[in-house]
Amino acid sequence: MPSVLPLTHQSIEEAAAALRAGNLAVFPTETVYGLGANATDDLAVAKIYEAKNRPSFNPLIVHFPDIESVRKMADMAPQVEQLAAHFWPGAISFVLPRKPDCPLSKLVSSGLPTFAARVPALESAQCLLRAAGIPVAAPSANSSGRISPTQAAHVADDLGNKIPIILDGGPCTVGVESTVIDLTKKVPTILRPGGVTQEEIEAVLQQSVAVASSNETSPESPGMLLSHYAPSLPVRLNATSSNTREAYLGFGDTAGAKINLSAGGDLTEAAANLFAYLNKLDDPQWSGIAVAPIPEEGLGRAINDRLRRAAAPRR
Ligand code: TXA
Ligand code: MG
């Protein structure tokens with residue numbers, strides 16, 4: 001059984017220690033409850049996808065206690081500074097370019113050159129983030145296909161047996177997820193409507209913003225927005241052997257692999273390594289990347305979904 005803990009100094013310290021140790025912890029924000037993990041640790045982030053039983057990898061929102069900690073990892077355009085000054089801490093997340101030395105897991109970005117950042121307003125969330133001392137990746141704390149939880153009891157019913165610590169902060173006051181806005185585009189684009197409205201954003205920017213059509217970005221079609229991302233080399237799937245000019249990415253007992261996603265056949269470890277290893281093998285010294293078969297079960301479904309996108313004909 002999970003521990004559903006009332007918010008105290010001690011329970012927050014306990015959750016912070018779990019996060020630092022690479023484990024999952026659920027915590028309240030003013031929007032919805034988040035399923036948190038150390039955003040700089042690939043394996044910890046992979047545990048999020050495993051617990052949510054997600055059939056694909058979507059980039060996740062990374063939570064920070066204050067704007068200074070975000071600036072260390074992202075390039076902040078003037079418009080972002082302007083919106084952050086107005087709405088942070090609060091129910092809005094910004095898609096930002098990763099700095100070259102950004103320590104965040106590539107899995108958090110699903111391999112994209114950007115990540116989404118949020119500074120939540122709820123005081124207990126800020127205390128937790130400060131106590132943890134690491135950026136915390138957190139999607140809504142529900143299993144894939146279920147609605148976002150706004151009470152600790154929802155989380156315990158749905159994910160309870162998978163999460164050791166659930167901090168109970170009572171019902172969330174906003175109750176819908178944060179607005180996600182991408183300011184890396186020419187026209188600022190709302191990718192997901194949420195707690196901060198389009199009108200409020202336009203009033204601050206003194207400019208109209210675009211709203212992405214739902215079939216590109218909605219949670220119902222996760223990963224669609226990633227279709228433009230792929231390694232530069234062609235990718236060949238279900239390869240039981242490789243030719244000499246290909247870089248061979250193994251899984252399990254693959255013979256002749258350049259690197260192995262998980263020699264022991266562990267899908268969580270493989271998910272944690274996926275983007276970093278694709279990146280490593282994406283080198284012009286090879287003619288292509290051959291990938292060993294990955295079982296279509298558990299996290300393997302998300303890994304294969306991502307690999308099929310990487311192998312799809314390029315636009
Ligand atoms: O209110 C919230 O935002 C909650 C609480 C826990 O903070 N979190 C949440 O996170 O809903 P998540 O991971 O479920 O939602 C992430 C959304 C997805 O729609 C995803 O596609 C988008 O943000 N997103 C994240 N990183 C992105 C990126 N680099 N580029 C484009 N979209 C991104
Ligand atoms: Mg969600």
Side-chain angles (χ1 to χ4, degrees), residues 24-37 39 45 48-49 51-54 56-65 70 73-75 80 87-98 102 104-122 124-126 128-129 135-150 152 154-155 158-159 166-167 169 172-185 188-196 211-212 214-229 275:
L24 300 176
V26 169
F27 63 101
T29 78
E30 71 277 20
T31 57
V32 299
Y33 276 75
L35 174 55
V45 175
I48 291 178
Y49 293 100
K52 283 182 71 92
N53 199 15
R54 253 189 171 162
S56 65
F57 296 122
N58 236 16
L60 305 173
I61 294 173
V62 185
H63 298 71
F64 298 84
V70 182
M73 301 191 184
D75 293 320
V80 175
F87 295 114
W88 269 357
I92 189 165
S93 303
F94 303 115
V95 174
L96 304 169
R98 296 169 65 110
C102 177
L104 297 176
S105 152
K106 288 197 164 66
L107 192 54
V108 132
S109 295
S110 286
L112 294 169
T114 54
F115 72 97
R118 177 174 172 218
V119 177
L122 192 72
S124 65
Q126 292 201 3
L128 173 67
L129 292 166
V136 174
S140 51
N142 52 280
S143 48
S144 185
R146 306 208 26 188
I147 57 165
S148 300
T150 54
H154 299 166
V155 185
D158 178 11
L159 293 175
I166 300 171
L167 293 182
C172 301
T173 52
V174 175
V176 295
E177 290 100 331
S178 64
T179 303
V180 179
I181 182 163
D182 186 348
L183 294 129
T184 65
K185 301 219 166 77
T189 305
I190 294 178
L191 301 180
R192 180 179 73 182
V196 172
V211 180
S214 62
N215 65 351
E216 276 174 58
T217 55
S218 83
E220 284 75 46
S221 53
M224 281 294 286
L225 83 170
L226 305 178
S227 55
H228 64 274
Y229 170 79
F275 291 107

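Numbers here simply count residues along the sequence, with the first being 1. Fair warning: this is a prediction, and the values are worked out from it, not measured in the lab. Both counts, for ligands and for their atoms, begin at 1 and track the order of listing.
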Going by atom types only, do N53 and S143 share a side-chain donor-acceptor pair under 3.5 Å?
-> no
Verify whether one side chain among S178 and S93 offers a donor that lies under 3.5 Å from an acceptor in the other.
-> yes
Minimal heavy-atom distance between V62 and A39, with the atoms involved, is CG1-CB, 3.8 Å
Closest approach of Q126 and V119, non-hydrogen atoms and distance?
-> NE2-CG1, 4.3 Å
Which of the atoms in ligand 1, numbered in the order shown and given with their element, are less than 4.0 Å from a heavy-atom of [X]?
X: T31; result: 1 (O), 2 (C), 5 (C)
X: H63; result: 5 (C), 6 (C), 7 (O)
X: P139; result: 9 (C), 10 (O), 12 (P), 13 (O), 14 (O)
X: T114; result: 28 (C), 29 (N), 30 (N)
X: L191; result: 31 (C), 32 (N)
X: A138; result: 6 (C), 8 (N), 9 (C), 10 (O)

Determine whether the side chain, the backbone, both or neither of [X] has a heavy atom under 4.0 Å from any heavy atom of ligand 1.
X: N58; answer: side chain
X: I61; answer: both
X: L60; answer: both

Side chain T31, main chain E177, donor-acceptor under 3.5 Å =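 Checking the backbone N and O of E177 against the side chain of T31, no donor-acceptor pair under 3.5 Å is found.
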Below the 3.5 angstrom mark, is there an N/O of [X], backbone or side chain, next to an N/O of ligand 1?
X: R192; answer: yes
X: Y33; answer: no
X: E177; answer: no
X: S178; answer: yes

In terms of ring plane angle, is the pair F275 and F57 parallel, tilted or perpendicular, where the classes change at 30° and 60°?
-> perpendicular
Quick one: does D182 get a heavy atom under 4.0 Å from ligand 1?
->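 D182 does not count as a contact of ligand 1 under the 4.0 Å cut-off.
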May I ask you to check whether S140 brings an N, O or S atom to under 2.8 Å from the Mg ion (ligand 2)?
-> yes
